[in-house]
Amino acid sequence: QVQLRESGGGLVQAGGSLRLSCAASGRTFGSYTMAWFRQAPGKEREFVAAPGAYYSDSVKARFSVSRDNAQNAMYLQMNSLKPEDTAVYYCAARFGVVTTTRYDYAYWGQGTQVTVSS
């Protein structure tokens, strides 16, 4: 019903910056919530950020999330990147309020790889 597509991932050196984008298409009528998650090698998928100033403790001082409702898009500006930020970053959406639990989100993009080198 809702298709999500991430872009903007890549390889960056520690301390660098990267901006991710998420574009939503399909049935986007009505209210829905978007959020960013990431999954590092050997780790579970974890919440990163969501519009409305929702951030995980590990990124809140360095990342900034925004949403353009008119364009059905969401962005994640990542600054001062660290090697531990290396992960596949996913855009997610749900019909409901913002949560930090991956199980609550019904729609997912394919993910975009972010690699931070030391």
List, by chain and number, the other hydrophobic cluster members for Val97, where Ile, Leu, Val, Met, Phe, Trp and Tyr join if side-chain heavy atoms come within less than 4.5 Å, directly or indirectly. none

Closest heavy-atom pair and its distance - Ala24, Met34: CB-CE, 4.4 Å

Give every residue pair that meets the disulfide (SG to SG under 2.5 Å) criterion with at least one member in residues 46-118, sequence neighbours excluded. Cys22-Cys91

Nearest 0.5 Å, what's the OG-CE distance between Ser21 and Met74? 9.5 Å

Just to verify, what does Lys82 make a side chain to side chain donor-acceptor pair (under 3.5 Å) with, not counting sequence neighbours? none

Residues passing the side chain to side chain donor-acceptor pair (under 3.5 Å) test with Gln110, sequence neighbours excluded, are none

What distance separates Arg45 CZ from Arg102 CZ, expressed to the nearest 0.5 Å? 8.0 Å

The complete set of disulfide (SG to SG under 2.5 Å) pairs with one or both residues in residues 34-71, sequence neighbours excluded, reads none

Determine the minimum heavy-atom distance between Val65 and Trp36, stating which atoms define it. CG2-CD1, 3.7 Å

Assigning hydrophobic clusters by single linkage (Ile, Leu, Val, Met, Phe, Trp, Tyr; side-chain heavy-atom cutoff under 4.5 Å), is Tyr107 placed with Val48? yes

Residues passing the side chain to side chain donor-acceptor pair (under 3.5 Å) test with Arg67, sequence neighbours excluded, are Asn69

Cut-off 3.5 Å, side chains only: do Ser58 and Ser56 have a donor facing an acceptor? yes

Partner set under side chain to side chain contact (heavy atoms under 4.5 Å, CB included) for Ser80, not counting sequence neighbours: Arg62

Asn79: side chain to side chain contact (heavy atoms under 4.5 Å, CB included) partners, not counting sequence neighbours: Ser17, Gln77

Residues clustering with Val98 (ILVMFWY side chains joined when closer than 4.5 Å, directly or via others): Phe37, Phe47, Tyr54, Val88, Tyr90, Tyr105, Trp108

Check Arg38 with Glu46, please: is the shortest side-chain N to carboxylate O separation under 4.0 Å? yes

Rounded to the nearest 0.5 Å, the CG atom of Leu18 sits from the CE atom of Met78 at a distance of 4.5 Å

About how many Å separate CG of Leu76 and CD of Glu6, when rounded to the nearest 0.5 Å? 11.0 Å

Pairing residues for Ser7 by the side chain to side chain donor-acceptor pair (under 3.5 Å) criterion, not counting sequence neighbours: none

Roughly how far apart are Tyr75 OH and Leu20 CG, rounded to 0.5 Å? 12.0 Å

Looking at residues at least two apart in the chain, or sitting in another chain, which of them share a ring-ring contact (aromatic ring centres under 6.0 Å, His included) with Phe63? none

Distance-minimising heavy-atom pair for Ala93 and Tyr32: CB-CD1, 4.2 Å

Identify the two heavy atoms, one from Ala35 and one from Ala50, that lie closest to each other, and give their separation to 0.1 Å. CB-CB, 3.9 Å

Donor-acceptor list for residues 111-118 side chains, cut-off 3.5 Å, not counting sequence neighbours:
residue: Thr112; atom: OG1; partner: Gly9; partner atom: N; Å: 3.1
residue: Gln113; atom: NE2; partner: Ala87; partner atom: O; Å: 3.4
residue: Gln113; atom: NE2; partner: Thr115; partner atom: OG1; Å: 3.3

